[in-house]
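One-based numbering along the sequence shown.
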Amino acid sequence: MSPTEPEGIRRQSTTRRRRTVRLRTLLIWLAVVPTVAMGTQVTVTAQRLLAQSEKLRSDVAAAEQVGAPLYTLMVDMQAERTATAARWAGSDNSEGELRVRREATDLAAAEFRRLAVDPSRSFSEVTRQLEKLAEYRQRADARSGAADSTLAYYSEVIGKVIQVYQQEFSHAEDAELAQASRPVVSMLQATEMLAREDTVLALAGPSGELTFVGYDQFVSALGAQRYLHEALIVPHLTARDQRFYERVVGSADWQTKTRIESAVLSGHKDIVTGIRLPAEVGGWSSAHANFSVQMTTLNIDLARSVLARGEAKAGELQTEVAWLIGGSAGGLLAVVVVVFFTTRSVLRRLNDLHERTVTVAEETLPDVVARLQRGQSVDPDALPAVTGDRDEVGRISDAFARAVEVSVDGHRRLAAERHGFGLFASGIASRTGNLVSRQLSLTEDLQDTFGHDEALLAELMRADQLTVGMRRQIENLLILAGGEVPDPHTEPMRVADLLREAAAEVEDFRRIERQALDETSVEPSAISQISHLLAELLDNATRFSPPKSKVVIRAELVTDGLSVEIEDRGPRVSPERYEEMNGRLHEAPPYSVLAQNAHRLGLFVVGHLADQLGATVTLRRSVYGGTSAVVILPRQLLVASDPQAPREIEPQPRVLELLPAPTRAPAASVSSEPAVREAAAEPAPATEPAPEPEPVVHTSAGLPSRRAKAPVAVATAVSAPAPALVPVPVPAARPALPERVPQTHIAEQLREPRAQESVVRPDTATPEEVADAWADYEQGTQTVEEELRRDQP
């Protein structure tokens, strides 16, 4: 069989596709990243607030535990400092007062050391300073050194105590608590300044004289305490504390204190050793004892107020943390829910779009294209429409709808062009077929006119055979253009006659050996198509097999219908090529493939005919090394033949005879020159009447057909002056078919009987002619092998 060229090898792309992230993953990450960031921020904030709350509670606990002993220590140290100054100045009863004050200081220091065990706080500075207390007491008792250095030690310890309050209990990390604790520290500092004033005045002693250094210390302490009260205490007191403060500063003792301070500043007298205090200084001790108690009470109230605020603030921070965690958890849950339903909605819409797209791409669009190719109308509602949605999924759907619309319009134009091309090709084929039919008629007339010239008659018959092949090629064009083979048959045809008609279409018909059963016939509507299909396969087999070899065609009934097998002795074909050719036979190829294989259209024609008939054609390797084509015709194309009808069994190849000129069939139009000679030598019986000319049968395109309406049988030759058809007895159930009578169209000069040669002529071929014939065979075989090599991909 004829190998065909490959359609081309699809090159696999070597470019690696970039790995894309799924949309579901992107949406999840879009939710996870903000959620994690928000959770991290909430965690950090909660930890900071919890740490602040814990610090506040720790400060409140430390202030409640250590603050009171520390404040007591400060007050006792201030009192001991004043008593030490009085003892140094030689005041009356100063020794007993100093002893009492020292005992009180020792008790306060011992309590402070017992409670101040937290190494993380700045209590150690006070503890280290207290370790020097005994040394400075000894100096005071011995009046060793200057009094200012001894009194400065007490001031330094008291300063460390105030510094502890400022560092540990000021709550600098919280603005509100820092604002509330500022008056407490300022009050401690102001109390210290008043205590220093008291110490300086006590150092004056009974003489009422101060050194210039002592006077400067008094003036500095007075200025500091007035600044602290006016600038740092009064503006920051609450309404309740401010009312208490006003009662204190409005008391008689405070007024006395103020008057004495003013008198010291303006009423002192300068002496050689320093200054002399005014007489009003004598009322300082009693007034200081009274208003200092009130100021201590105010300090304790301010400290407790700060502690209460710290405790409340710690509770607020914990509540804020709880609300923050609860609100954040609710927000995160809301985010998760929103992301879940948003992702679900988006993915559902995208999945619906994907399903619609796949349905349109795999079902709707192929069906629409198939309908357009068949020339049928398309329902616009079956195609996706543009909805005009403004969201992203809607725009994608509209874009796909527009793409489908453009594709359908393109296929519609292509189908219209193909339909127009089919009409054009059908018109060209019809006109060319008319010319071919006229040429066949002219050839028949020439055969009738010049039949006495055997050489000319043989050439005319060869021309007739070539014209029949030309008509088959025109019918191929009709088939490939979407048309149908003209079928003039109205009666079933026996399989043997069908094989004969198919073989008559082939130029080298002498090499075809037919083997068929006559019990089966073929439906009239399928005769022409089956005959054309078999003729294409037979022509392919004869052209691609050695010139002297036989091509066998056999038909037999099988389970699925009628099996027709064509076997040749052609060159070997690879299994891959058989698979490729069978693929083209089982599926009608597009015009692009036809264009690439325009010089090998036989298989495409066979595939189209098999598709129209519902038959299957399979090519495979023959046991003889060539190719075997198996055609399975379905049972609905077959009818049972009458067993009493004339039968013709031809196990050997036969020569086809001529039919009457007006209705000559292809099987009758091809005959060999030896057959003509044999027919001319046989006398025809004179008793058979001349046949009546049959009417010319026209095709659906208006062309005269060369095929007979029914198969013909060969009859014996008679010698008569005019052509005649001999009626043959047939059963009553079916009319008799006209049979051919040899020599009915031979010229008068050829009808004379001639003695047959009794001696068999020897083969006159010379060795040179045999060598030439063998060289032609080898050259044909090499040509076929070269074509096969070119067809290999």
Side-chain angles (χ1 to χ4, degrees), residues 1-4 458 461-462 465-466 468-469 472 496 498-516 531-556 563-575 577-578 581-582 585 600 602-603 606 617-631 649-656 666-667 670-675 763-791:
M1 304 306 294
S2 172
T4 57
M461 293 173 62
R462 179 173 177 79
Q465 181 65 30
L466 293 176
V468 171
R472 181 162 50 84
L498 180 63
L499 300 185
R500 182 188 301 109
E501 181 175 312
E505 298 278 346
V506 181
E507 180 180 2
D508 203 359
F509 65 90
R510 300 176 185 86
R511 296 166 47 200
I512 299 175
E513 178 180 343
R514 303 185 307 277
Q515 299 176 6
S531 175
H532 196 107
L533 185 150
L534 298 178
E536 286 294 332
L537 294 176
L538 289 170
D539 182 70
N540 214 16
T542 55
R543 287 191 297 109
F544 286 89
S545 59
K548 301 297 183 179
S549 63
K550 295 291 185 182
V551 175
V552 179
I553 178 172
R554 62 178 66 89
E556 59 181 345
S563 171
V564 181
E565 183 178 3
I566 299 174
E567 190 175 45
D568 61 27
R569 304 294 192 273
R572 292 186 177 182
V573 180
S574 63
R577 183 52 57 86
Y578 278 127
M581 291 188 295
N582 287 325
L585 287 173
R600 300 180 184 276
L603 291 180
V606 171
V617 182
T618 305
L619 302 180
R620 63 187 182 186
R621 185 176 178 182
S622 173
V623 294
Y624 299 103
T627 298
S628 177
V630 180
V631 182
I649 302 177
E650 296 179 354
Q652 299 296 330
R654 298 188 52 185
V655 181
L656 304 179
V670 289
S671 178
S672 62
E673 182 178 356
D763 189 1
T764 58
T766 63
E768 291 78 7
E769 293 176 349
V770 174
D772 292 341
W774 182 253
D776 292 340
Y777 168 72
E778 290 183 345
Q779 183 178 2
T781 304
Q782 294 175 359
T783 302
V784 172
E785 291 178 351
E786 291 178 0
E787 292 180 356
L788 288 174
R789 285 194 295 270
R790 286 197 300 270
D791 292 339

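In this structure, CD on Gln515 lies 10.0 Å from CG on Leu499, to the nearest 0.5 angstrom. To the nearest 0.5 Å, atoms CZ (Arg514) and CD1 (Ile566) are separated by 12.5 Å. One finds the CG atom of Leu534 at 6.0 Å from the CG atom of Leu498 (value rounded to the nearest 0.5 Å). For the atom pair CZ (Arg572) and CZ (Arg621), the distance works out to 4.0 Å, reported to the nearest 0.5 Å.
Across every non-hydrogen atom of Leu533 and Val606, the tightest pair is CD1-O, 3.9 Å. Contact record, Ser545 with Val551: OG-CG2, 4.0 Å, taken as the closest heavy-atom pair. In terms of heavy-atom proximity, Gly626 sits nearest to Tyr578 at O-OH, 3.5 Å. Between Phe509 and Ala503, the closest heavy-atom pair is CB-O, 3.3 Å.
Within the 4.5 Å cutoff, the side chain of Val630 has heavy atoms near those of the Ser563 side chain. Glu567 places a side-chain heavy atom less than 4.5 Å from the side chain of Val623. Residues Val468 and Glu505 meet the side-chain proximity criterion, which asks for heavy atoms closer than 4.5 Å.
A donor-acceptor contact shorter than 3.5 Å is absent between the side chain of Asp539 and the backbone of Val506. A distance-only check finds no donor-acceptor pair linking the side chain of Asn540 to the backbone of Glu536 [under 3.5 Å]. With hydrogens and angles disregarded, a donor-acceptor distance shorter than 3.5 Å links the side chain of Asp568 to the backbone of Thr627.
For Glu565, the salt bridge (Lys or Arg N to Asp or Glu O under 4.0 Å) test picks out Arg554, Arg620, with sequence neighbours left out. In this structure Ser549 satisfies the side chain to side chain donor-acceptor pair (under 3.5 Å) test together with Arg511, sequence neighbours excluded.
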